[in-house]
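If you read the sequence from its start, that first residue is 1, and numbering goes on from there. In each ligand, atom 1 is the first atom listed, and ligand 1 is the first ligand listed.
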Amino acid sequence: MNPSKLIKKKRDGHELNVEEIQLFVDALQNGAMADYQVTSLLMAIFFQGLTFQETVALTSSMAKSGVQYDLSSIQGPKIDKHSTGGVGDKVSLILAPLAAACGLKVPMMSGRGLGHTGGTLDKLQAIPGFEILLSREKFDHVLANVGCVMIGQDEKIAPADKKLYSLRDVTGTVECIPLITSSILSKKIAEGTEGLVMDIKVGNGALMHTKKNARALGQMIVKVSKKLGLPCQAVITNMDQPLGYAVGNAVEVLECVEVMQGKRPFIEVPNNLTSSDLREVTVHLCAQMLILGKKVRTINEGRKMAQNALASGEVWKRFLLLVEAQGGSASTFDHPEKLLTGTTKHVIRSKKTGYLNAIQSEEMGYLLVEMGGGRKKVTDTIDPAVGFLLHRKLGSRVKTGDPLATLFVRNSADSAQFERLFLNTLEIHSARKPVPKLIQETLT
Ligand code: URA
């Protein structure tokens, strides 16, 4: 293979054949292409796109670039969920034990925070001792016994995607539909799931800012997935504001604990915020998973099953089993507020009266990064205890002096700067604007 010929072919808008795509994927591992050649090809793909056939070939080659788990010895339908990422998106922490409590097996492979979006792995690692890299035997054991397992991508699973993603992340080539499709699906196919529900986030805190792009991404994922034999449904959900009221790794774990326990013992949140949007998305995605796993026939039956499981306390029990099985301790949750130890609270109050009409969610995500709760470069370590709680969501009436958020900061000298950044993310007007619909569309 001559890398520069491959780059020129894509640059000029021609279709790469299956052999060329395989050579490209091989080159990611055997060094036949230098990083500057790989990133040139990525930029050519970013502008010229990939056809459906090319996307299928890239997904399939990347899935086969490492080990492929065969989960057939584990009883029950194996169904996973994946989100394209958002601010405050903590759904997976509740959904994995919830779907398990409803009788599914959930082999969940998640990612770290990227840019302004949080990552499930970082939230899980806010729980002391929680291990996200498990041996194959341990993975099977936890999945079979707890009903769900939550891991990160190790060196063996879709290594070509790992290499490609790290280059995309630093070369402005993340927001590309065929590349996102092949990246997500290669990992899901390698992990051995039998069905996949995709949560495609749309809005100012998501990778896809418009409904048109979110739909195009969802349709591509569903089509490629089907072609490769993985049943998949995609749900488009809104991300014009953080999901739930907590943003930050430990505070998001606390919000999930509250939803799973059905009470609010840990954090005092004025204005009776209820995590209702977080619950709604979680229940809806669980219902879609139950349909794929043939546990129910309709979305309403699925929602009912999920709501009953949440109310029964079974989900909380499963979550504790999962934590124990993956190296943490259930006793952490005797006093979960200790996860915030070492931080100082700072309440931000409104300088205006009116309606909260817009939240620049991407900027809110970057505020968390600025506070130390996310990464600017892959090698950064994050502070799990910092974060913030929203006291108001879109559409709320606000009066001057009302609390808008509580920040948990490591160093109180930084509070004034973070308050300024936080207030810059909000738009408060005298006339109320409609709040975008939370669950927008399902693509099957
Ligand atoms: N998540 C992934 O795993 N890959 C992408 O390309 C985008 C989001």
Side-chain angles (χ1 to χ4, degrees), residues 24-25 28 38-39 41-43 45-46 49-50 54-56 58-63 65-66 80-92 107-124 132-133 150-191 193 196-203 205-209 213-222 224-225 228 230 232 234-237 239 243 285 361-362 365 374-375 378:
F24 168 54
V25 171
L28 291 168
V38 173
T39 54
L41 182 56
L42 284 173
M43 197 51 91
I45 292 174
F46 185 90
L50 290 178
E54 287 175 308
T55 311
V56 169
L58 181 60
T59 309
S60 170
S61 296
M62 290 210 301
S65 66
D80 192 6
K81 183 278 316 189
H82 192 82
S83 156
T84 53
V87 181
D89 180 3
K90 51 197 82 78
V91 165
S92 294
M108 192 175 271
M109 191 191 305
S110 306
R112 297 206 172 277
L114 294 168
H116 68 284
T117 66
T120 299
L121 296 182
D122 297 325
K123 300 175 216 274
L124 288 170
I132 47 134
L133 294 178
M150 299 183 82
I151 59 160
Q153 180 183 15
D154 64 13
E155 303 302 323
K156 297 194 212 84
I157 297 174
D161 166 66
K162 206 171 166 97
K163 166 83 182 177
L164 209 55
Y165 198 90
S166 64
L167 293 173
R168 286 170 60 211
D169 199 23
V170 291
T171 55
T173 47
V174 169
E175 300 90 343
C176 171
I177 287 176
L179 293 177
I180 298 174
T181 302
S182 52
S183 168
I184 292 174
L185 290 181
S186 61
K187 290 178 285 235
K188 297 295 154 180
I189 290 168
E191 96 191 348
T193 190
L196 175 66
V197 171
M198 280 301 306
D199 183 3
I200 312 277
K201 300 285 184 201
V202 63
L207 274 182
M208 297 291 130
H209 286 194
N213 284 345
R215 200 180 276 141
L217 174 62
Q219 280 164 346
M220 180 64 103
I221 291 180
V222 170
V224 171
S225 193
L228 293 171
L230 176 64
C232 175
V235 184
I236 299 178
T237 67
M239 185 40 71
L243 194 62
L285 293 172
S361 314
E362 187 168 327
R375 294 181 190 81
V378 234

Just to confirm my output: which protein heavy-atom neighbour is closest to [atom], and how far is it?
atom	value
atom 1 (N) of ligand 1	I184 CG1, 3.9 Å
atom 3 (O) of ligand 1	K187 NZ, 2.6 Å
atom 4 (N) of ligand 1	S183 OG, 2.7 Å
atom 5 (C) of ligand 1	Y165 CE1, 3.2 Å

Would you call [X] and [Y] a side-chain contact if the rule is heavy atoms closer than 4.5 Å?
X	Y	result
E175	N213	no
P178	E54	no
M208	I180	yes

What's the separation between atom OG in S166 and atom CG in D161, rounded to the nearest 0.5 Å?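 That separation rounds to 9.0 Å.
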Could you tell me whether T84 and ligand 1 have an N or O pair separated by under 3.5 Å?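 So ligand 1 has no N or O lying under 3.5 Å from an N or O of T84.
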Assess the residue pair T39 and V170 against the criterion (side chain to side chain contact (heavy atoms under 4.5 Å, CB included)); give the C-alpha distance rounded to whole Å, side-chain angles, the decisive distance to 0.1 Å, and a yes or no. CA-CA 10 Å; T39 54; V170 291; over 6 Å; no
